[in-house]
Amino acid sequence: MPELPEVETIKRGLDKQIINKRISKVSIEKSFIKKVGPSANAFKKALEGKTIKNVARRSKLLMFEINKEQSLIVHLKMTGQLVYRPKNNKIVVGGHPIAGPQNLPSKFTRVTIQFADKTTLFFNDVRKFGFLKIVDRKELNEALSKYGREPIDKDFNFPHFKSLIDKSPRKKVKSFLLEQKIIAGLGNIYADESLFVAKVNPERRVDSLTKSEQKLLFVAIVEIIKKAIKYKGTTFSDYVNAKGGKGNFQKHLQVYGRNKLECLRCKKGIITKIKLGSRSASFCPICQK
DNA sequence: GTAGATGTTATAGA
DNA sequence: ATCTATAACATCTA
Ligand SMILES: [Zn+2]
């Protein structure tokens with residue numbers, strides 16, 4: 001589910017809400033205890049009574065600073081959600097439950113973090129690939145060392161991108177874009193969208209790109225990620241922001257999810273979906289050379 | 001019913 | 001260096 005734009009949207013929705021709030025109670029669904037560390041008690045003890053000092057994001061990882069020494073890190077993987085409920089009252093509209101924080105906890109709520117002011121943060125995750133973990137400063141640095149360049153960094157420029165290209169010359173370009181150690185935060189949707197904008201076929205070897213294709217791709221990545229953040233992410237099935245609401249970028253997708261449909265750009269090609277590594281890649285065989 | 005696919009990532013082995 | 005298979009898990013679709 002969530003790639004950089006979705007995680008960034010959650011981060012922006014959460015930080016204003018929960019910074020400086022004190023955690024009063026944490027509960028963990030039984031089957032999820034193994035995903036919060038060695039024991040439920042250690043996890044609770046690290047959080048209860050503490051105050052969230054800061055919220056940050058790196059790649060698709062969220063970080064909640066507890067104090068100088070400790071942080072809570074959260075990865076949503078495929079179907080994770082973080083939804084904040086401002087008040088502890090249930091609202092039902094028209095007699096039917098509505099989507100969003102009003103009906104939480106749900107069947108898929110794995111971790112519940114209650115604050116002293118009676119507001120609540122829910123971690124929901126259908127597939128349970130996600131995790132929450134308490135880390136010290138050293139462990140946090142280790143976790144962060146796995147990530148490459150942030151595409152929305154102000155200093156990220158073409159020479160940087162070129163040097164990344166030169167370090168992984170034989171990779172297929174789609175796999176190159178998905179590598180978090182190279183560029184942090186792209187996932188299947190935005191890698192496909194970036195390649196479409198740059199008119200580059202996902203199966204091309206990185207070292208086969210012409211200088212002009214390299215530049216187009218660099219610009220496309222930055223442009224797509226920024227635009228997706230502006231539209232508050234893509235909701236395909238599970239993604240919701242911190243308020244439980246959907247994103248808007250799905251309306252602007254040009255290839256992802258358009259298998260067998262006519263290409264929106266050349267109006268001639270039929271969007272084709274192939275397997276590349278273990279992931280799918282969608283592209284227009286006519287205008288992505 | 002059932003095989004295959006889903007927005008992620010870590011790891012082992014070739 | 002790079003790729004493959006595999007695993008974690010639940011749900012939906014063809
Ligand atoms: Zn096309």
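In what follows, chains carry the letters A, B, and so on, assigned in the order in which the sequence lines appear, proteins first and then strands, with residues in each chain numbered from 1.
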What does nucleotides 1-14 of chain C look like as a protein-contact string, B for base, S for sugar-phosphate only, - for none, at under 4.0 angstrom between heavy atoms? SSS----BBBS---
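Atom NZ in A/K146 sits about 15 Å away from atom P in B/dT8, given to the nearest Å. Atom OH of A/Y147 is separated from atom P of B/dT8 by 12 Å (rounded to the nearest Å). Between the CD1 atom of A/I73 and the C1' atom of B/dT8 there is a distance of 15 Å, given to the nearest Å. Atoms CG (A/L62) and P (B/dT9) sit 12 Å apart, rounded to a whole Å. B/dT8 atom P lies 10 Å from atom CG of A/L186, rounded to whole Å. Nucleotide B/dG4 holds its C1' atom 10 Å from the NZ atom of A/K273, rounded to whole Å. The CD1-P distance, from A/I189 to B/dT6, rounds to 12 Å in whole Å.
Taking the centre of each ring, A/Y84 and A/F122 stay at or above the 6.0 Å mark. Taking the six-membered ring for Trp and the full ring otherwise, A/F123 and A/F32 have centroids separated by under 6.0 Å.
For B/dA3 and C/dT6, the P atoms lie 16 Å apart once the distance is rounded to whole Å. Comparing the same atom, P, in C/dC9 and in B/dG1 gives a spacing of 23 Å after rounding to whole Å.
Salt bridge status for A/K138 with A/D136: absent, with no side-chain N to carboxylate O gap under 4.0 Å. Using a 4.0 Å cut-off between a side-chain N of Lys or Arg and a carboxylate O of Asp or Glu, A/R22 and A/D117 do not qualify as a salt bridge.
Between the side chain of A/E150 and the backbone N or O of A/F156 there is no donor-acceptor pair closer than 3.5 Å. A donor-acceptor contact shorter than 3.5 Å is absent between the side chain of A/E262 and the backbone of A/G269. Judged purely by atom type and a 3.5 angstrom limit, A/N241 has no side-chain atom pairing as donor or acceptor with the backbone of A/I10.
Between A/Y190 and A/E6, some side-chain heavy-atom pair lies under the 4.5 Å cut-off.
Consecutive Watson-Crick or G-U pairs involving DNA chain B, each under 3.5 Å on both distances, make up stems of three or more pairs at B:2-6 with C:10-14, B:8-14 with C:2-8.
Nearest heavy atom pair, residue A/G80 against residue A/P2, reads O-CG, 4.5 Å.
Comparing A/K275 and A/L178, the nucleotide of DNA chain B nearest to each residue sits closer to the 5' end for A/K275.
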